[in-house]
Novice: 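Here it is, the structure, as structure tokens.
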Amino acid sequence: MTRPASASWITRTPACLADGRRIAAVLACAGLLALPPFVADGFALHLLTTGFYYTIMAASWNLLAGFTGQFSLAHHAFAAIGAYTSGLLIRYCAVPIWLGIASAGVVAAALGRLVLAMRAIYLAIATWAFAETIHILLTAAYPFTRGELGLNVPPLFGNLDPIAYYALFAGLAVVSVATMYAIVKSPFGHFMRAIRDDDLRAESLGVDTTRVKLLVFTVASAFAGLAGAFYGHYLVVLSPQMADFNEMAKLIIMVVLGGLGTVIGPLIGAAPVQMLTTYLQKYGEWDMVIFALIVIALMRTNQGGIAAFVYAMAARLRAGKPPRVC
């Protein structure tokens with residue numbers, strides 16, 4: 001039976017409207033990203049630039065923990081490895097900056113292939129020990145890394161113009177998140193979620209769990225290493241503080257607050273948490289206590305994070321119901 005042309009046109013309308021909404025959302029986001037250089041001062045641009053760095057870090061850790069169920073506690077260490085790889089190659093081998101950054105991604109990805117045979121709490125403990133080893137090594141190897149005095153590295157653009165770095169990190173964040181989104185939505189992403197839900201069952205159904213974990217670790221570590229290398233050339237002075245566990249705790253808070261295992265979770269959580277961290281620096285170590293209380297309160301009320309609350313409100317609006325505040 002042939003469907004009337006009018007009926008066919010009606011069924012196509014929702015898809016057209018959905019595409020229009022996506023295009024409008026993309027244009028709105030592009031406009032928001034282009035606005036700060038015209039209205040914000042240097043310090044605000046610095047906060048946003050740092051927020052983009054943490055967005056890449058949080059999104060790549062979410063790719064590992066949220067979508068694959070591999071709870072690594074060394075993600076911040078791979079960023080430090082990337083930064084120091086680029087900085088040391090430039091300092092001692094006089095390689096070009098861009099070659100140093102590319103090498104940072106390769107080294108971080110190669111080291112990310114370690115400890116993959118472990119599961120659950122054993123993986124977390126092993127990666128934590130690895131991260132602490134990197135932290136101690138960067139601090140103790142003073143003649144080579146300059147330790148706590150800091151390793152000077154050249155800036156990317158020959159200057160510290162905040163607009164140039166804002167544009168660079170905004171572009172890096174957009175490309176990185178878009179790439180991760182494509183991975184999650186691909187058939188490979190289905191394998192990742194199957195491993196997260198039950199890796200033994202996924203393996204029994206024919207999924208090569210070791211290969212999938214290997215690839216995800218490699219990709220996530222490469223993103224962290226590249227982000228760390230770019231960030232290091234933005235800071236121009238590298239410190240072992242990049243490998244401090246507080247950095248890992250901050251990433252976990254960003255992802256959990258935003259929504260673990262969701263695409264928009266790190267986008268929602270990364271920049272606000274970083275800005276709040278900067279504001280709370282005057283309280284010293286108490287900032288982590290404040291964040292812990294926020295996480296506990298949020299998990300008591302909405303375990304899916306801010307993303308789950310946003311999704312729930314959007315679903316109610318689409319159904320024509322008033323949004324629930326709590």
Side-chain angles (χ1 to χ4, degrees), residues 52-90 95-118 123 126-127 130-131 133-135 138 153 156 168-186 188-189 191-192 195-196 208-235 238 242-243 247-248 251-252 254-255 263 266-267 270:
F52 287 134
Y53 161 72
Y54 281 106
T55 297
I56 300 172
M57 292 293 295
S60 54
W61 185 77
N62 187 47
L63 193 71
L64 189 61
F67 287 103
T68 317
Q70 304 302 298
F71 202 82
S72 168
L73 293 179
H75 205 61
H76 63 304
F78 291 116
I81 289 170
Y84 272 90
T85 296
S86 180
L88 292 174
L89 284 176
I90 292 171
V95 302
I97 290 181
W98 296 106
L99 180 57
I101 292 175
S103 301
V106 173
V107 172
L111 291 176
R113 300 165 70 94
L114 300 175
V115 301
L116 286 179
M118 300 181 183
L123 176 63
T127 51
F130 173 77
T133 301
I134 295 298
H135 187 204
L138 294 177
V153 296
L156 284 174
L168 172 66
F169 276 86
L172 288 174
V174 169
V175 172
S176 300
V177 171
T179 303
M180 295 179 214
Y181 179 80
I183 292 173
V184 169
K185 293 300 181 181
S186 69
F188 185 78
F191 297 153
M192 293 165 53
I195 293 173
R196 176 194 63 189
D208 190 345
T209 57
T210 301
R211 178 173 175 270
V212 173
K213 291 178 184 178
L214 178 67
L215 288 175
V216 175
F217 255 93
T218 302
V219 170
S221 300
F223 273 116
L226 288 172
F230 277 104
Y231 189 58
H233 288 288
Y234 171 61
L235 296 177
L238 303 182
M242 289 187 70
E247 289 293 301
M248 188 68 241
L251 291 179
I252 295 173
M254 289 173 177
V255 176
V263 174
L267 308 183

Novice: Say you draw a straight line from OG of Ser103 to CD1 of Ile90; how long is it, rounded to the nearest 0.5 Å?
Specialist: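 Atom-to-atom, Ser103:OG and Ile90:CD1 are 9.5 Å apart.
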Novice: Using atom types as modelled and distance alone, determine if a side-chain donor or acceptor of His76 lies under 3.5 Å from a backbone N or O of Glu247.
Specialist: no
Novice: Under the side chain to side chain contact (heavy atoms under 4.5 Å, CB included) rule, what do Leu156 and Ile101 come out as? Steps first, then yes or no, please.
Specialist: CA-CA 10 Å; Leu156 284 174; Ile101 292 175; 3.6 Å; yes
Novice: Once side-chain hydrogen bond (donor to acceptor under 3.5 Å, both in side chains) is applied, do any residues pair with Tyr231, and if so which ones, sequence neighbours excluded?
Specialist: none
Novice: Determine the minimum heavy-atom distance between Leu238 and Gly232, stating which atoms define it.
Specialist: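 Of all heavy-atom pairs spanning Leu238 and Gly232, the closest is CD2-CA, 3.4 Å.
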Novice: Verify side chain to side chain contact (heavy atoms under 4.5 Å, CB included) between Phe188 and Leu215, making sure each step is shown before the conclusion.
Specialist: CA-CA 10 Å; Phe188 185 78; Leu215 288 175; 3.8 Å; yes
Novice: Any idea which heavy atoms bring Ala108 and Gly225 closest together, and the distance?
Specialist: CB-CA, 3.6 Å
Novice: Taking Leu64 as the fixed residue, which of Phe71, Phe223, Phe217 is the one that meets the side-chain contact (heavy atoms from CB on, under 4.5 Å) rule?
Specialist: Phe217
Novice: Which heavy atom in Ile81 sits nearest to a heavy atom in Thr85, and how many Å separate them?
Specialist: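 Shortest heavy-atom contact: O-OG1, 2.6 Å.
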Novice: If we only count heavy atoms from C-beta on, is the Val107 to Tyr84 side-chain gap below 4.5 Å?
Specialist: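 Counting from C-beta outward, Val107 and Tyr84 never come under 4.5 Å.
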Novice: Between Trp61 and Leu73, is there a donor-acceptor pair closer than 3.5 Å when you use the side chain of the first and the backbone of the second?
Specialist: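 No; judged by distance alone, with no hydrogens or angles, the pair does not exist.
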Novice: Working to the nearest 0.5 angstrom, can you tell me the gap between Leu63 CG and Met192 CE?
Specialist: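 Separation between the atoms: 4.0 Å.
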Novice: Which heavy atom of Leu138 sits nearest to which heavy atom of Ala80, and what is that distance?
Specialist: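 Distance-wise, the nearest heavy atoms are CD1-CB, 4.2 Å.
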Novice: Would you please name every residue forming a side-chain hydrogen bond (donor to acceptor under 3.5 Å, both in side chains) with His233, sequence neighbours left out?
Specialist: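 Only Ser86 meet the side-chain hydrogen bond (donor to acceptor under 3.5 Å, both in side chains) criterion with His233.
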Novice: What closest approach, in Å, do Met57 and Leu251 show between heavy atoms, and which atom pair accounts for it?
Specialist: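 Looking at all heavy atoms of both residues, the shortest contact is CB-CD2, 3.5 Å.
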Novice: Looking at every heavy atom in both Ser60 and His75, which two are closest together, and how far apart are they?
Specialist: OG-NE2, 2.7 Å
Novice: When you measure from the side chain of Ser72 to the backbone N and O of Ala74, does any donor-acceptor pair fall under 3.5 Å?
Specialist: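 At least one qualifying donor-acceptor pair exists.
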Novice: Show your working on side chain to side chain contact (heavy atoms under 4.5 Å, CB included) between Asn62 and Met180 and close with a plain yes or no.
Specialist: CA-CA 10 Å; Asn62 187 47; Met180 295 179 214; over 6 Å; no
Novice: What pairs with Tyr234 under ring pair (Phe, Tyr, Trp, His ring centres under 6.0 Å), at least two apart in sequence or on another chain?
Specialist: His46, Tyr165, Phe169
Novice: Is there side-chain contact between Phe78 and Phe130, with heavy atoms separated by less than 4.5 Å?
Specialist: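 The answer is yes; the side chains approach within 4.5 Å.
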Novice: Is Phe191 close to Asp208 at the side-chain level, that is, under 4.5 Å between some pair of heavy atoms?
Specialist: no
